[in-house]
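Here's the structure we're looking at; comments come further down.
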Amino acid sequence: MQQVHNNHELCAQIKIWKQQRKTIAFVPTMGNLHQGHLSLLHAAHEQADKLVSSIFVNPMQFGPNEDLSKYPRTLEQDCKALMEHGCDLVYLPTEKDLYPQGLAHITSVQVPDVTRFYEGESRPGHLTGVSTIVLKLFNLVQPDLAVFGKKDYQQLQMIKKMVRDLNLPVGIIGGETVREKNGLAMSSRNQYLSASERQQSAALYQQLGNTAKQIRAGSKDFAQLCQDATEALSAQGFAVDYFDVCSQKNLQPAVVGEALVIVCAARLGNTRLIDNIEI
Ligand code: PAF
């Protein structure tokens with residue numbers, strides 16, 4: 001596996017593969033890889049001649065009081081895992097490589113509508129930071145397809161919309177969420193949880209499952225269902241940021257008969273967990 005540290009080296013290799021008419025699958029990451037990432041690599045590997053990944057803890061998607069400095073960085077073990085999972089090239093840019101002029105006056109990509117609620121409201125600037133870095137990475141890697149986890153459901157739908165709206169020649173694939181034994185969606189941030197919080201965390205997916213079951217059984221009063229879920233989670237120690245039912249394709253308010261998804265974010269101690277369930 002090649003490790004490249006700047007966009008010149010990256011573009012040189014991509015150019016060679018393009019000349020050879022190789023197809024490229026891409027899995028962008030912020031490192032600290034877990035089974036969730038590895039399943040995305042697996043999904044990508046089967047679909048193209050070359051598999052490219054990137055590790056970059058993108059400062060543009062962190063708010064001023066968020067965990068940028070303490071975000072886990074485990075480069076050596078990540079590279080080993082990438083190699084073992086068939087990755088042909090990993091791009092390991094520095095901040096200077098991707099933001100040579102800094103972040104203050106950078107052109108950004110704002111994807112409307114789908115970003116209006118949820119993470120868009122709770123973490124101002126976060127989704128714009130994600131769409132901007134993903135477009136930059138797409139321009140550099142020029143992938144035929146890219147895989148993103150469904151755990152970050154809003155991020156996935158936002159990227160699909162960006163690709164459609166800007167006519168980017170990249171197929172976007174959503175990878176299924178991989179869960180711990182207790183149902184907790186895998187995330188690099190789970191390691192911030194204490195042992196007791198880890199046990200408590202099971203309640204989040206259980207609650208998503210209970211609410212989904214009621215909707216599948218015919219309940220249509222989504223507002224009441226979400227209020228009940230929020231109260232149940234609060235009683236179990238979660239500070240719920242949002243728990244809502246919305247449309248799968250655009251994350252707008254739920255309409256009975258459409259494909260729906262329940263999205264939620266909740267804090268357990270100092271750890272913010274997000275999860276969802278499709279109905
Ligand atoms: O999902 C992530 O890990 C990040 O948001 C991404 C897509 C790698 C962009 O920094």
Side-chain angles (χ1 to χ4, degrees), residues 29-40 55 57-59 61-78 80-81 117-124 126-127 130 148-156 175-215 222 224-246 261-279:
T29 80
M30 298 207 300
N32 194 241
L33 305 185
H34 49 67
Q35 287 304 320
H37 295 109
L38 300 181
S39 76
L40 304 182
I55 299 178
V57 184
N58 172 34
Q61 69 190 74
F62 286 78
N65 299 317
E66 293 186 353
D67 55 344
L68 174 62
S69 60
K70 74 166 188 178
Y71 196 86
R73 287 155 170 92
T74 49
L75 194 58
E76 212 173 302
Q77 80 190 43
D78 291 346
K80 188 165 175 277
F117 305 115
Y118 314 128
E119 296 304 291
E121 264 184 324
S122 301
R123 301 182 65 192
H126 164 69
L127 289 170
V130 174
F148 294 84
K150 282 193 186 178
K151 197 207 117 212
D152 296 301
Y153 206 85
Q154 193 172 18
Q155 167 175 290
L156 172 64
E176 293 304 323
T177 302
V178 179
R179 298 182 179 280
E180 308 277 357
K181 277 206 188 80
N182 74 358
L184 174 66
M186 285 200 181
S187 161
S188 302
R189 290 188 168 103
N190 291 352
Q191 58 197 270
Y192 303 152
L193 294 167
S194 67
S196 64
E197 288 168 348
R198 213 165 245 282
Q199 283 189 339
Q200 277 172 277
S201 69
L204 195 61
Y205 188 55
Q206 276 163 16
Q207 184 58 58
L208 281 167
N210 290 343
T211 306
K213 197 169 158 193
Q214 293 178 68
I215 295 174
F222 300 140
Q224 187 62 51
L225 288 172
C226 292
Q227 192 183 321
D228 293 348
T230 302
E231 283 168 12
L233 286 169
S234 306
Q236 293 174 85
F238 290 87
V240 180
D241 199 347
Y242 57 81
F243 189 107
D244 201 16
V245 186
C246 60
V261 56
I262 310 174
V263 291
C264 70
R267 223 168 256 285
L268 203 49
N270 291 325
T271 312
R272 188 168 182 276
L273 304 172
I274 70 169
D275 204 349
N276 63 78
I277 192 166
E278 289 179 316
I279 298 171

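None of the values given here were measured: they were computed from a predicted structure.
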side-chain contact (heavy atoms from CB on, under 4.5 Å) between L193 and L184: does it pass, once the steps are laid out?
CA-CA 11 Å; L193 294 167; L184 174 66; 3.9 Å; yes
Using side-chain contact (heavy atoms from CB on, under 4.5 Å), reason through V240 and C264 one step at a time and then give a plain yes or no.
CA-CA 8 Å; V240 180; C264 70; 5.8 Å; no
Output, in order, the C-alpha distance, side-chain angles, deciding distance and verdict of side-chain contact (heavy atoms from CB on, under 4.5 Å) for Q207 and F238.
CA-CA 12 Å; Q207 184 58 58; F238 290 87; over 6 Å; no
Practice prompt. Test D152 against I274 for side-chain contact (heavy atoms from CB on, under 4.5 Å), laying out the working first.
Written response: CA-CA 8 Å; D152 296 301; I274 70 169; 3.2 Å; yes
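Side-chain N/O atoms of Q224 and D228 include a donor and acceptor closer than 3.5 Å.
Under the salt bridge (charged side-chain N to carboxylate O under 4.0 Å, His left out) criterion, R179 pairs with D275, not counting sequence neighbours. With sequence neighbours excluded, no residue forms a ring-ring contact (aromatic ring centres under 6.0 Å, His included) with F222. Taking the side chain to side chain donor-acceptor pair (under 3.5 Å) definition, one finds that Q191 meets it with N32, sequence neighbours left out. For Y205, there are no ring-ring contact (aromatic ring centres under 6.0 Å, His included) partners two or more places apart in sequence or in a different chain.
Taking each heavy atom of N182 and S201 in turn, the nearest pair found is ND2-OG, 3.6 Å. Closest non-hydrogen pair, L40 versus G175, comes out as CD2-CA, 3.7 Å. When every heavy atom of L156 is checked against every heavy atom of K150, the shortest pair comes out as CD2-CG, 3.9 Å. Here the shortest heavy-atom pairing between Q61 and E66 reads O-OE1, 4.0 Å. Looking at every heavy atom in both residues, P124 comes nearest to E121 through CD-O, 3.9 Å.
Between S187 and L273 the shortest side-chain heavy-atom distance does not fall below 4.5 Å. I215 places a side-chain heavy atom less than 4.5 Å from the side chain of I262.
Judged as a side chain to side chain donor-acceptor pair (under 3.5 Å), the pairs with a partner in residues 234-246 (not counting sequence neighbours) are, in order, Y118-D244, E119-Y242, S122-D241, D241-R272. Within the structure, every pair that satisfies the salt bridge (charged side-chain N to carboxylate O under 4.0 Å, His left out) test and touches residues 186-213, not counting sequence neighbours, is listed here: D67-R189, E180-R198.
Without hydrogens or angle criteria, N190 side chain to A185 main chain gives a donor-acceptor distance under 3.5 Å. Judged by distance alone, the side chain of Q154 and the main-chain N or O of F117 form a donor-acceptor pair under 3.5 Å.
Within the model, atoms NE2 of H34 and OG1 of T29 stand 9.5 Å from one another, a figure rounded to the nearest 0.5 Å. Rounding to the nearest 0.5 Å gives a distance of 7.5 Å between CD of Q155 and CG of L127. L68 contributes atom CG, which lies 12.0 Å from atom NZ of K70 (distance to the nearest 0.5 angstrom). To the nearest 0.5 angstrom, L233 atom CG is 10.5 Å from C226 atom SG. In this structure, M30 CE and S188 OG are separated by 7.0 Å, a value rounded to the nearest 0.5 Å. Separation of atoms CD (E278) and OG1 (T177) is listed at 8.0 Å; rounding is to 0.5 Å.
Heavy-atom contacts from other residues, nucleotides or ligands closer than 6.0 Å to CG of N270 number 12 or fewer.
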